[in-house]
Protein chains: 2
Amino acid sequence: MTVTLADVAARAQVSPATVSRVLNGNYPVAASTRERVLKAVDELDYVLNGPASALAAATSDLVGILVNDIADPFFGIMASAIQAEIGGPGGRAGGERLAVVCNTGGSPERELTYLTLLQRQRAAAVVLTGGAIEDAAHQAAMDTKVRKLTDAGTRVVLCGRPPAPETGAIALTFDNRGGGQELTEHLIGLGHRRLGYIAGPEERTTTRHRLEGHRAALAAHGIEEDPRWTVHGRYDRRSGYEATLELLRRDPSLTAVVAANDSVALGACAALRDSGLRIPEDVSVAGFDDLPFSIDAVPSLTTVRLPLGEAGARAGRIAMGREEAPPGGIASVRGELMVRGSSGVPRVS
Amino acid sequence: MTVTLADVAARAQVSPATVSRVLNGNYPVAASTRERVLKAVDELDYVLNGPASALAAATSDLVGILVNDIADPFFGIMASAIQAEIGGPGGRAGGERLAVVCNTGGSPERELTYLTLLQRQRAAAVVLTGGAIEDAAHQAAMDTKVRKLTDAGTRVVLCGRPPAPETGAIALTFDNRGGGQELTEHLIGLGHRRLGYIAGPEERTTTRHRLEGHRAALAAHGIEEDPRWTVHGRYDRRSGYEATLELLRRDPSLTAVVAANDSVALGACAALRDSGLRIPEDVSVAGFDDLPFSIDAVPSLTTVRLPLGEAGARAGRIAMGREEAPPGGIASVRGELMVRGSSGVPRVS
DNA sequence: CCGTATGTAGAAAGCGCTTGCTGCAACGCT
DNA sequence: AGCGTTGCAGCAAGCGCTTTCTACATACGG
């Protein structure tokens with residue numbers, strides 16, 4: 001059978017208690033004893049029984065990271081940063097923490113399920129990333145679940161997600177509204193007056209915030225928005241392609257298209273090109289997020305850079321208690337406007 | 001304190017054993033009793049203690065998925081497919097399986113560490129994705145570790161990774177050699193005779209296999225390879241950009257550049273463009289993998305499509321024992337040549 | 001030289017669950 | 001009617017750790 005603590009203890013001629021203490025390093029053990037134990041551990045190739053340890057200690061080394069779509073670099077970059085900060089030494093029992101990412105696929109049910117699963121595993125912390133779903137019932141369910149986790153001592157931090165008051169969770173929100181506004185103001189500054197907007201799925205907070213920023217910019221410059229100028233889609237390229245065609249059909253005189261994110265913007269570029277329009281001479285395009293591929297687009301994409309890596313790292317540190325939580329448990333992270341080749345002055349009409 | 005099985009039992013007026021059996025559903029329980037138990041579970045909002053359960057049952061609901069780089073869609077797509085197949089109902093204790101992805105960042109040490117961590121958690125299965133590192137010591141260490149896992153009853157499957165004989169792991173390998181050969185033959189068929197090759201990191205099996213395929217194609221057509229035509233880099237765009245510049249410096253007369261993967265190919269396109277060369281009129285470019293963004297490149301990328309999603313799904317099913325392992329525990333998955341705009345007949349020199 | 005503080009190790013009681021075995025009705029068979 | 005089945009439920013023994021409490025040296029101050 002597998003080697004147990006007792007086997008190690010026998011071999012090192014000490015009690016199981018001592019072995020446990022050496023491994024956990026939270027109790028004085030004489031250097032000579034420690035050495036003997038470590039030697040036995042090594043010789044027997046002992047691997048701690050995680051469940052047993054977690055049961056006895058009432059907490060585990062597991063940390064969960066929830067993402068909407070693991071195939072989307074937006075989440076991949078964030079998850080990578082979080083995991084880098086969380087994983088590694090520092091766990092219990094002389095071990096590493098096990099930072100794991102869970103892919104919800106954007107489904108509210110799976111989101112909840114994963115939370116339950118992590119609760120069941122007695123996870124040490126949980127980081128939730130990405131925009132939330134604006135459904136009252138689901139949000140309420142999430143909030144109670146989160147509350148339960150924090151009550152049980154699991155640290156919960158939200159990264160790029162709106163705060164959840166009264167749940168004990170710490171939030172690092174992206175200022176999507178501000179970024180959206182700045183982006184559209186840039187376009188307006190170039191002279192655009194007829195701007196199409198490809199929004200994300202209606203039920204996501206991110207979608208609403210970016211759109212609100214866009215509208216705030218229009219309003220600030222006295223531009224009256226034509227209802228035909230906004231189309232809702234998904235956060236992917238395909239959707240951007242189709243939405244752009246629809247936009248063009250509704251109003252061929254648009255001089256700029258603002259997309260919900262970079263993937264959508266790429267789709268928009270393709271659609272424009274396929275429609276025989278040049279970027280930015282005929283139509284300017286703008287994205288959001290500044291994912292790595294955005295700079296490779298031809299022309300490269302004007303967008304709002306979100307500090308995904310930095311925010312993720314910070315969220316990770318907070319989850320580990322290595323960095324203080326922001327005052328009030330809420331911090332807003334700003335994006336940075338990246339002006340590149342896909343936006344230019346509008347054609348004279 | 002938290003609700004335990006005993007609390008539920010008390011409330012339902014049955015023994016803890018019965019509650020456990022209802023939850024696990026692996027033992028006959030009278031319908032009326034079951035109902036009473038379920039009601040109590042619901043009323044008390046009971047969440048199973050995972051560690052306790054895993055300890056007693058000597059196995060857990062955890063399934064690990066190891067990836068080299070979570071921010072890379074190549075792995076994201078595969079991980080997503082695997083997770084979709086593995087997660088969800090079917091776990092023990094009326095529960096879901098917890099499919100988690102672990103980001104090794106391509107580091108051999110972290111790869112090993114994660115395996116230990118998963119072993120410690122008594123994971124039910126582990127899926128390893130991506131090419132392996134060609135370092136004898138590391139491979140030996142990995143093999144013993146894997147052997148230990150399979151011996152302990154953890155199913156291990158390799159997805160897009162070379163087989164590890166004698167370890168008990170099941171392998172679903174990508175035919176990188178065949179794909180690489182087919183790709184280069186396509187270029188040769190168009191008339192190219194001077195082909196640059198941007199390889200991945202030297203120590204990865206994937207790199208070697210793709211390069212071998214490329215060389216096999218050259219050899220098959222009697223083209224003698226100039227050593228200046230091959231450059232090694234990383235699997236990212238940046239690397240592709242720099243490598244292409246280097247290639248151009250070494251031999252400006254190249255008419256085609258074959259890249260280690262699509263990201264590298266994108267970088268190559270950018271470098272060529274920045275050097276005033278047209279694609280494919282002046283230089284043809286080819287990638288590998290066919291990630292979603294490849295079709296958006298301008299011109300769209302000629303590449304080899306790897307069935308990432310299908311392979312991942314299959315790996316997931318095998319890991320769950322829901323699909324039979326291939327004969328001999330090894331299967332090779334072929335890629336499909338996608339001829340698109342980035343490859344054309346060479347300019348007349 | 002004795003009482004007390006100090007440093008280190010062991011004994012043992014769980015942590016909350018699973019499961020082999022036992023117990024007991026109710027049932028059907030001869 | 002007697003007895004082996006069958007169907008459900010409970011008992012209790014762990015699973016392999018952690019941790020409190022106890023025990024024993026040794027060191028130290030008065």
Side-chain angles (χ1 to χ4, degrees), chain A residues 1-38 40-41 44 46-62 91-95 119-122 124 152-153, chain B residues 1-38 40-41 44 46-62 91-95 119-122 124 152-153:
Chain A
M1 261 306 291
T2 44
V3 186
T4 71
L5 235 210
D7 299 331
V8 176
R11 182 160 191 135
Q13 315 237 56
V14 297
S15 72
T18 303
V19 178
S20 171
R21 299 205 256 247
V22 167
L23 261 23
N24 284 288
N26 52 11
Y27 195 88
V29 174
S32 63
T33 314
R34 174 197 320 281
E35 215 165 297
R36 214 143 28 93
V37 169
L38 257 18
V41 164
L44 295 177
Y46 170 68
V47 175
L48 180 75
N49 183 315
S53 169
L55 170 58
T59 175
S60 80
D61 273 341
L62 237 208
R92 297 153 23 66
Q119 177 186 9
R120 170 180 297 190
Q121 299 289 336
R122 304 298 188 254
Chain B
M1 264 306 290
T2 43
V3 186
T4 71
L5 235 210
D7 299 331
V8 176
R11 182 164 188 126
Q13 316 238 53
V14 296
S15 73
T18 303
V19 177
S20 171
R21 297 204 252 252
V22 168
L23 260 23
N24 284 288
N26 52 9
Y27 195 86
V29 174
S32 64
T33 314
R34 173 195 319 283
E35 215 165 298
R36 214 143 28 92
V37 169
L38 259 18
V41 165
L44 295 178
Y46 170 67
V47 175
L48 180 75
N49 184 316
S53 169
L55 170 58
T59 175
S60 81
D61 274 340
L62 236 207
R92 301 154 16 68
Q119 177 187 8
R120 170 181 296 190
Q121 298 289 337
R122 303 298 186 257

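Order of the sequence lines fixes the chain letters, A, B, ..., with proteins taken first and strands second; residue numbering starts at 1 for each chain. Just so we're clear, the structure is a prediction, and the values are computed from it rather than from any experiment.
For the atom pair A:Ser53 OG and A:Asn24 CG, the distance stands at 6.5 Å (nearest 0.5 Å). In this structure, CG in B:Leu5 is found 9.5 Å from CG in B:Asn49, a value given to the nearest 0.5 Å. Here B:Tyr46 contributes atom OH and B:Thr4 contributes atom OG1; the two are 7.0 Å apart, rounded to the nearest 0.5 Å.
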List the atom pairs, donor and acceptor, that lie under 3.5 Å between side-chain atoms in residues 25-37 of chain B and the rest of the protein, sequence neighbours left out.
from    : atom 1 : to      : atom 2 : distance (Å)
B:Arg34 : NH2    : B:Val29 : O      : 3.3
B:Arg36 : NH1    : B:Ala12 : O      : 2.5

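Contacts classified as salt bridge (charged side-chain N to carboxylate O under 4.0 Å, His left out) and involving residues 4-18 of chain A (residues at least two apart or in different chains) are given here: A:Arg11-A:Glu43. Residue pairs meeting the salt bridge (charged side-chain N to carboxylate O under 4.0 Å, His left out) criterion with at least one partner in residues 46-57 of chain A, sequence neighbours excluded, do not occur; the list is empty.
As a whole-Å value, the separation of A:Leu5 CG from C:dG10 C1' is 14 Å.
Applying the side chain to side chain contact (heavy atoms under 4.5 Å, CB included) test to B:Ala56 and every residue at least two apart in sequence or in another chain returns nothing.
Contact annotation: B:Thr4 side-chain N/O to C:dC15 OP1/OP2 distance is not under 4.0 Å. Between A:Asn24 and D:dT18 there is a side-chain N or O to OP1 or OP2 distance below 4.0 Å. Of the side-chain N and O atoms in B:Tyr27, none sit less than 4.0 angstrom from OP1 or OP2 of D:dG10.
With axes fitted over five pairs at each extremity, the angle between the ends of the helix from C:dC1-D:dG30 to C:dT30-D:dA1 is 40° (10° resolution).
Both A:Val47 and B:Val29 sit near DNA chain D, but only B:Val29 has its closest nucleotide nearer the 5' end.
In this structure a side-chain-to-backbone donor-acceptor pair under 3.5 Å is present from A:Ser60 to A:Arg122.
Only B:Ala17, B:Ser20, B:Arg21, listed by number, bring a heavy atom of residues 12-21 of chain B to less than 4.0 angstrom from any atom of DNA chain C.
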